Amino acid sequence: MSATLGTLLQQIEPGWSIGLFENLEAAGLESSGPWNNAGTGHSALCELNYAPASPDGTVDPKKSLGINEQFQLTRQFFAWSVNQGLVKDPKSFIHPLPHMSFVQGEAHQRYLKARYESLSAHTLFDTMEYTEDLDQIAEWTPLVAEGRTQRTVAASRVVGGTDVDFGSLSKQLVDGLAARGADVRFGHRVTNLVKTGSGWRLTVKNHASGETFEVDAKFVFVGAGGGALPLLQKSGIDEIKGFGGFPISGVFLRSTNDEVIARHEAKVYGQAAVGAPPMSVPHLDTRYVDGKKALMFGPYGGFSPKFLKTGKLWDLPGSVRPGNLLPMLNVAKDNLDLVKYLLTELTATNSKRMNAMREYYPAANPDDWEMITAGQRVQVIKKDPKKGGVLQFGTEVIASADGSISGLLGASPGASTATPIMLGLLKRCFPNQYSAWEGKLKEIVPTLGTSLDSNADLYHEVKASTDQVLKLA
Ligand SMILES: Cc1cc2nc3c(=O)[nH]c(=O)nc-3n(C[C@H](O)[C@H](O)[C@H](O)COP(=O)(O)OP(=O)(O)OC[C@H]3O[C@@H](n4cnc5c(N)ncnc54)[C@H](O)[C@@H]3O)c2cc1C
């Protein structure tokens with residue numbers, strides 16, 4: 001998020017001085033690190049939680065369309081970054097990969113068909129395919145069909161999906177920031193923020209020297225991922241009052257068998273278990289990390305009170321304030337299914353985990369898999385006039401009324417939407433400058449402000465050109 005915002009700011013205001021302080025020893029090692037997230041270029045091609053069924057069984061395409069439109073902006077930013085030489089080779093961070101949804105049983109079959117009928121009528125999903133034929137599924141993705149006895153199945157597929165190594169992208173963008181004059185400091189932790197007139201004074205600790213120093217800034221973006229909530233709380237701005245965070249941890253299983261890895265070439269998403277947070281839907285995913293093809297399954301949910309993978313056990317209790325206590329208590333009371341789901345996941349044995357994987361890959365062999373810890377997601381808890389407090393699975397941009405400080409809470413759809421989220425943040429925090437920036441921003445993201453779903457010719461033209469630059473065609 002910070003790498004994207006910094007890159008945009010350097011283009012639209014080359015005269016501004018930018019400082020970036022990162023607690024860890026390099027960029028992109030927390031949630032954006034390739035093994036801390038699933039690397040899905042989220043565009044609602046395969047994620048069923050972005051297309052909920054209505055009580056009458058129909059599927060409203062609105063949410064899926066919105067997410068897909070957002071990813072189109074991200075793709076354009078990616079292509080611009082490659083054209084600018086900020087990212088050396090697109091293969092270092094993005095790969096074409098079919099996105100599939102797979103379900104079992106008649107009810108899920110009906111749902112998937114309704115989703116296909118709803119989405120495939122739209123330009124952005126016009127290449128979506130659907131089948132209830134296991135032999136066809138075997139052709140699309142052999143591991144999912146192999147050894148399967150249940151034949152009441154259905155799958156949909158969009159060949160033009162992507163796998164993204166957000167860690168590699170973040171590192172390259174941050175290198176670009178430094179090369180173009182930003183003061184980038186790793187191993188530096190922001191420990192406090194105090195308002196000073198129209199700007200902010202940050203206290204920063206240098207881990208190597210143990211020294212603490214202060215920095216003044218007219219504008220601050222708290223791009224600290226899971227660490228954003230505590231820092232925004234320290235700022236004391238009214239807009240953060242009433243917000244809390246609910247951390248969800250996770251693990252992935254990663255294949256150690258090259259033959260198995262070679263036989264799968266897709267991201268295959270299914271339905272969430274009862275009580276599971278929507279983004280914890282397990283999926284069987286091809287990944288491309290450090291130039292090597294890989295295969296993973298997960299995430300399995302879990303609970304840890306840390307707000308960052310490298311965080312502290314005190315993070316959650318330390319975030320409780322008089323203003324967010326009630327919302328947090330209400331969320332605990334109203335989300336017993338989630339609590340039960342997390343407890344079940346936490347106590348799951350390896351054989352239970354393998355059984356969960358066999359829903360997607362019936363012939364999976366436990367000897368072929370190792371467990372890795374995924375990143376932390378801090379879900380947003382916010383005040384709600386009716387319920388007292390609600391748990392939200394999306395992202396929330398927090399900005400002070402004067403626009404001098406902002407930050408991002410939440411983690412879904414996540415890194416895939418960094419470009420539209422940061423563009424929205426610029427508009428919100430710099431309302432007086434934004435219209436003057438629009439021309440330059442459109443050089444970066446040419447279809448900014450245009451619905452591509454309503455402009456089929458433009459969509460196909462832009463998609464073809466970004467595919468070519470990103471070597472996705
Ligand atoms: C299990 C899992 C799966 C996911 N899958 C996907 C996916 O498939 N597709 C997708 O698009 N998104 C996915 N996401 C979400 C995505 O990973 C995040 O939305 C995205 O990486 C967040 O980027 P960020 O820059 O906000 O945070 P981060 O990448 O976490 O960066 C924040 C940085 O701030 C630093 N920091 C924190 N506190 C301080 C401080 N006080 N001082 C200095 N530095 C600090 C941290 O060290 C870190 O480097 C997933 C997330 C998880 C956890």
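One-based numbering, in listed order, for ligands and for the atoms of each. All values reported here derive from a predicted model rather than from experimental measurement.
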Checklist entry - Got an N/O contact under 3.5 Å between Glu30 and ligand 1? => result no
Checklist entry - Is there a nitrogen or oxygen of Arg377 sitting under 3.5 Å from a nitrogen or oxygen of ligand 1? => result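 In this structure, Arg377 places no N or O atom under 3.5 Å from an N or O of ligand 1.
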Checklist entry - Does Gly250 have a heavy atom less than 4.0 Å from any atom of ligand 1? => result no
Checklist entry - Just by distance, with hydrogens left out, do Gln172 and Ser168 show a side-chain donor and acceptor under 3.5 Å apart? => result yes
Pick whichever of [options] has a heavy atom sitting closest to [atom].
atom: atom 5 (N) of ligand 1; options: Gly225, Ala374, Ala38; answer: Ala38
atom: atom 52 (C) of ligand 1; options: Leu308, Thr417, Asn36, Leu29; answer: Asn36
atom: atom 21 (O) of ligand 1; options: Ser32, Pro413, Pro299, Ser2; answer: Ser32

Item to check | Within-4.5 Å side-chain heavy-atom neighbours: Phe71 and Thr74 | outcome: yes
Item to check | Residue portion contacting ligand 1 (non-hydrogen atoms closer than 4.0 Å) for Leu231 | outcome: side chain
Item to check | Proximity of Met1 to ligand 1 by residue part, where a heavy atom lies under 4.0 Å | outcome: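 Near ligand 1, Met1 shows its backbone as well as its side chain.
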Item to check | Close aromatic pair by centroid cut-off 6.0 Å: Phe430 and Phe219 | outcome: yes
Item to check | Cation-pi geometry met for Arg189 and Phe21 (6.0 Å, 45°) | outcome: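 No.
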Checklist outcome for this item: Distance col, row Asn324:CG vs Phe243:CZ, nearest 0.5 angstrom, shows 10.5 Å
